[in-house]
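These notes concern the structure reproduced below.
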Amino acid sequence: MTSEKQKKEESRFIRGLNDMQRKAVMHTDGPLLILAGAGSGKTKVLVHRIARLIDEEQVPPGRIMAITFTNKAADEMRARVDNMVGFGSGEIWVSTFHSSCVRILRREIEQIGYGRYFSIYDTDDQLRIMKEVCKYLNIDTRFCKEKAILHAISRAKDELIDPDRYEKQACDDFENTVAKAYRRYQEVLFKNNALDFDDLIVKTVELFRTCPEVLAFYQEKFRHILVDEYQDTNTVQFVYVSLLAGKHHNLCVVGDDDQSIYRFRGANITNILSFEEKFPDAEVVRLEQNYRSTQNILDCANEVIRHNRTRKKKTLWTGNEEGQKVRFRQFESGYQEAEFIVGDITRRVRRGDAEYSDHAVLYRTNAQSRLFEEKLIFGNIPYRVVGGVNFYSRLEIKDTIAYLKTIENARDDLAVRRIINVPRRGIGAASLAKAESYAETEGISLFEALEKVHETGLSGKAAAKIEEFTRLIEDFREKAAIMPVAQLIEELLEKTGYLAELAAEKTEEAEGRIENLNELISKAASYDETSPDGSLAGFLEEVALIADIDTVEDSENVVLIMTLHASKGLEFPYVYIAGMEDGVFPGYLSIDSGDDAEMEEERRLAYVGITRAKKLLTLTAARQRMMRGNMVMNPVSRFVRELPRELVDLGEDSEFSYRKSTPSMSFGNASSAMKGAIGAKPEKVFSGNLYGQSRSNPYSSAKKQFAVKNGSLDYKEGDRVVHMRFGGGVVKQITQGGRDYEVTVEFDRFGVKKMFASFANLKKE
């Protein structure tokens with residue numbers, strides 16, 4: 001019979017928990033899958049479960065392992081476990097996958113031929129090794145980039161594919177090249193007694209599989225294993241924890257398949273979806289009570305995610321208030337979208353209703369941060385970019401700006417040094433040092449010294465490469481005098497090979513960097529359209545004013561802006577998700593791929609974004625958005641159209657509305673006629689001015705936007721027209737869009753350009 005003292009002690013582990021949380025905490029033996037919805041208190045459940053195992057089930061602390069993904073998450077869990085368990089908690093293994101494997105390998109790696117004092121190579125180390133490998137194997141890195149090879153090897157290791165198996169499965173030239181590089185890469189690592197980060201887990205699995213006695217020791221040691229964020233595990237991580245739990249079967253995993261958003265990093269959602277198949281005796285507990293958001297926000301999240309077919313059914317609910325409806329606002333341009341969001345935050349803070357730190361702006365890609373950063377800076381609002389750097393501080397942006405500075409002012413030695421060998425031209429450090437020495441002796445700039453390369457003592461290939469570089473800069477200097485900045489940047493990125501080098505990497509990081517460069521082109525195109533003179537000097541001055549102002553103090557009271565991926569695990573009273581358009585979120589690649597798995601991951605990302613909001617969620621879209629220097633028109637995101645009509649606040653002045661005949665219809669069930677009203681070619685279902693519209697910028701005037709459409713063009717196909725920047729040309733095609741005409745003009749000096757009539761302001765000759 002349980003004593004009163006035992007009852008009292010037991011109560012502290014389940015006090016304040018809901019029924020499902022209690023069930024998860026009280027479970028003791030066998031596999032357990034905790035499906036923890038967003039904001040459902042999963043970390044609290046894990047900590048209470050660990051404490052109860054020690055206190056009530058008499059499990060020694062050293063027999064428990066808790067694994068999560070990031071050092072930050074592990075540190076937070078460690079602190080909470082220490083606080084609840086008290087004396088002896090230090091014996092519990094609370095760590096990341098990688099750190100737990102390092103602890104094991106330091107003791108046991110000699111069993112598989114490595115020395116116990118092995119090195120761990122970071123990304124830069126890996127790249128240096130791969131460069132040596134490519135040189136050794138005569139791999140042409142113009143076509144097969146080192147980073148692309150490393151990315152392919154990393155994905156192979158995620159799936160436990162060794163060099164032999166990879167070679168057998170290779171089916172094209174790229175994979176055959178990777179196979180050779182993979183084998184040599186591993187040979188070099190072994191020779192250097194080194195492991196990369198992927199190897200830390202791969203080699204631990206290899207150790208367990210080849211040394212049964214070692215596996216048996218750790219299986220006995222860790223009688224209870226708990227894994228957080230299980231939906232983000234890959235194949236090798238699944239095998240690692242499965243092997244460890246192979247004897248006692250006390251594997252508790254916590255995760256939410258609806259928040260699996262790291263497929264591009266190798267995460268395998270089938271690990272959580274098939275858990276019951278892998279462990280038939282598993283118990284499943286669903287944590288569906290949300291402690292974070294209002295019911296309206298959760299209802300919208302539930303409605304969006306239910307469109308995914310590959311998921312475990314769960315419905316979030318809360319004891320919180322119903323709350324405000326989710327707001328949706330659509331604007332004419334991305335500029336207006338950013339202006340509205342920043343203005344909305346400013347008004348709320350000035351009224352004293354919230355702090356800056358209560359707000360987060362989320363977007364699909366890092367490139368979208370540029371407009372928000374500019375508006376926040378101009379508004380003198382403190383902000384911080386989470387999971388990234390300031391737009392103008394990013395490597396590819398700084399490289400491109402350095403090129404433009406060199407073109408505009410070749411006396412800028414810092415800019416010249418930065419880009420003289422970017423992309424690689426074969427100009428070595430010794431050659432550059434000679435040129436710098438000559439410049440210092442003669443009292444001239446580095447670029448002037450490079451122009452006099454034969455006087456510096458350099459000759460042969462080095463001199464030829466330098467001459468090629470200076471000719472390139474001189475050529476662009478001439479073009480800058482007559483060419484719009486956006487076109488100058490486009491041609492610069494092409495002629496230097498910068499864009500091609502990024503594309504050849506075939507990595508997620510490289511794709512993001514290309515998107516950032518496209519956003520810089522969009523910035524330049526906006527400048528070209530609005531600047532009185534459109535000079536390169538003016539553009540660099542404008543960028544410098546934005547890039548060099550730092551309003552962010554070392555304080556927590558800042559607006560956070562970040563990608564949706566970076567927002568996972570965070571929460572804010574007020575959340576804005578920008579760029580809710582098909583083509584932006586979800587992106588064109590996901591839409592065009594035809595891959596259901598791709599689209600379902602995008603929808604899960606939307607679900608993650610929605611569930612970050614506690615009090616108010618605002619979704620925004622732009623009818624026209626500058627992308628790679630061109631104005632594109634995208635329909636409203638399908639994720640917005642999936643929201644229930646009765647839960648959406650469209651705003652009194654929004655141009656986006658439902659037909660009166662379908663007041664309760666959800667976007668997702670709209671008829672084809674309805675979809676036409678909110679798609680790329682809307683009919684006249686709009687009313688009023690734009691919400692939050694400002695008349696102080698070139699994109700904000702509704703009168704300007706509608707002037708062409710409601711009237712008629714004063715030119716037709718075949719007519720000669722004049723553009724204020726591009727000069728004279730012939731109209732080749734006029735296409736009627738939903739809200740404007742798209743005009744194709746072949747200019748005498750700048751070739752064929754496509755533009756919207758309302759922005760182009762073409763005049764008939």
Side-chain angles (χ1 to χ4, degrees), residues 18-21 24 33-42 45 229-231 254-261 269 272-273 284-328 360 362 564 567-577 580 585-586 596-597 599-619 636-650 658 662-670:
N18 63 45
D19 290 343
M20 289 297 100
Q21 289 175 327
L33 169 60
I34 303 175
L35 290 171
S40 61
K42 66 181 178 65
V45 168
E229 303 289 2
Y230 188 67
Q231 76 280 348
V254 185
D256 181 6
D257 54 299
D258 289 335
Q259 296 187 73
S260 179
I261 57 173
I269 193 174
I272 192 168
L273 294 176
V284 180
V285 176
R286 285 175 166 79
L287 304 183
E288 297 174 292
Q289 183 174 357
N290 175 284
Y291 293 92
R292 175 189 299 158
S293 308
T294 64
Q295 190 61 54
N296 278 337
I297 290 172
L298 296 180
D299 286 345
C300 285
N302 290 330
E303 184 64 22
V304 168
I305 201 63
R306 76 171 182 83
H307 288 78
N308 275 5
R309 297 178 181 178
T310 309
R311 64 184 293 261
K312 290 183 176 292
K313 186 177 179 181
K314 70 186 79 70
T315 303
L316 296 181
W317 63 277
T318 185
N320 297 338
E321 62 183 1
E322 185 178 88
Q324 291 179 251
K325 292 182 177 181
V326 170
R327 297 192 302 177
F328 175 71
L362 314 181
L564 285 150
S567 74
K568 190 168 177 292
L570 304 177
E571 58 183 49
F572 307 89
Y574 304 95
V575 170
Y576 301 83
I577 305 180
M580 295 299 294
F585 184 39
D596 289 343
M599 187 55 67
E600 292 207 351
E601 176 134 337
E602 289 287 289
R603 189 173 281 106
R604 290 194 293 270
L605 193 55
Y607 174 84
V608 166
I610 292 170
T611 54
R612 299 311 94 195
K614 298 168 69 174
K615 291 177 64 175
L616 179 62
L617 172 66
T618 303
L619 309 175
V636 172
S637 171
R638 63 197 63 199
F639 304 145
V640 175
R641 302 200 300 268
E642 289 167 0
L643 298 177
R645 167 64 184 93
E646 62 273 13
L647 299 181
V648 181
D649 166 19
L650 296 173
Y658 299 79
T662 56
S664 62
M665 180 185 295
S666 78
F667 289 102
N669 297 324

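No experiment lies behind these values; they were computed from the predicted model shown.
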For R292, what residues pass the salt bridge (Lys or Arg N to Asp or Glu O under 4.0 Å) criterion, not counting sequence neighbours? E571
Distance col, row T315:OG1 vs L298:CG, nearest 0.5 angstrom, shows 10.5 Å
Would you indicate whether the side-chain heavy atoms of F572 and K614 approach each other to under 4.5 Å? no
Apply side chain to side chain donor-acceptor pair (under 3.5 Å) to E602 and list each qualifying residue two or more places apart in sequence or on a separate chain. R364
Could you walk me through whether I297 and T611 pass the side chain to side chain contact (heavy atoms under 4.5 Å, CB included) test, one step at a time? CA-CA 7 Å; I297 290 172; T611 54; 5.7 Å; no
Where R603 and E642 come nearest, the two heavy atoms and their spacing: NH2-OE2, 2.8 Å
H307 versus R638: any side-chain heavy-atom pair under 4.5 Å? no
Heavy atoms only: give me the nearest S567-V608 pair and the separation to one decimal. OG-CG1, 4.1 Å
Partner set under salt bridge (Lys or Arg N to Asp or Glu O under 4.0 Å) for K325, not counting sequence neighbours: none
Tell me, please, which residues at least two apart from E322 pass side chain to side chain contact (heavy atoms under 4.5 Å, CB included). N296
Please lay out, stage by stage, how F328 and V636 fare under the test side chain to side chain contact (heavy atoms under 4.5 Å, CB included). CA-CA 10 Å; F328 175 71; V636 172; 3.9 Å; yes
Should R286 and M20 count as side-chain neighbours, where that means a heavy-atom distance under 4.5 Å? no
Under the rule for side chain to side chain contact (heavy atoms under 4.5 Å, CB included), what residues qualify as partners of D257, not counting sequence neighbours? L35, I269, I272, L273, R311, K312, K314
Correct closest heavy-atom pair for I577 and G609 would be CD1-C, 3.6 Å
Sequence neighbours left out, what passes salt bridge (Lys or Arg N to Asp or Glu O under 4.0 Å) with R604? Give chain and number order. E601
Taking atom CG of L316 and atom CG of N290, what is their separation to the nearest 0.5 Å? 5.5 Å
Beyond-backbone contact of V254 with V45, side-chain heavy atoms, under 4.5 angstrom: no
Under the salt bridge (Lys or Arg N to Asp or Glu O under 4.0 Å) test, which residues partner E288, sequence neighbours left out? none
What heavy-atom pair brings G37 and S40 nearest, and what distance separates the two atoms? O-OG, 2.6 Å
Using ring pair (Phe, Tyr, Trp, His ring centres under 6.0 Å) as the criterion, list what pairs up with F639, not counting sequence neighbours. F585
Among residues at least two apart in sequence or on other chains, which ones pass side chain to side chain contact (heavy atoms under 4.5 Å, CB included) with K615? P573, Y574
Using side-chain heavy atoms (C-beta onward) and a distance below 4.5 Å, is K42 in contact with E229? yes
Is a side-chain N or O of R645 found less than 3.5 angstrom from the main chain of V648, in a donor-acceptor match? yes
Separation between CG of N302 and NZ of K313, rounded to the nearest 0.5 Å: 10.5 Å
Could you give the distance from CD1 (I34) to CG (D256), rounded to the nearest 0.5 Å? 12.5 Å
Partners meeting side chain to side chain donor-acceptor pair (under 3.5 Å) with T318 (sequence neighbours left out): N320
Looking at CZ of R612 and CG of L617, how far apart are the two atoms once the value is rounded to the nearest 0.5 Å? 11.5 Å
Contacts of T618 that satisfy side chain to side chain contact (heavy atoms under 4.5 Å, CB included) - sequence neighbours left out: R327, F340, Y576, L616, T620
Taking the side chain as C-beta and beyond, is there a heavy-atom pair between L647 and V326 under 4.5 Å? no
Restricting to ring pair (Phe, Tyr, Trp, His ring centres under 6.0 Å), what partner residues turn up for Y230, sequence neighbours left out? F275
One should read off an interatomic distance between L643 CG and S637 OG, to the nearest 0.5 angstrom, of 8.5 Å
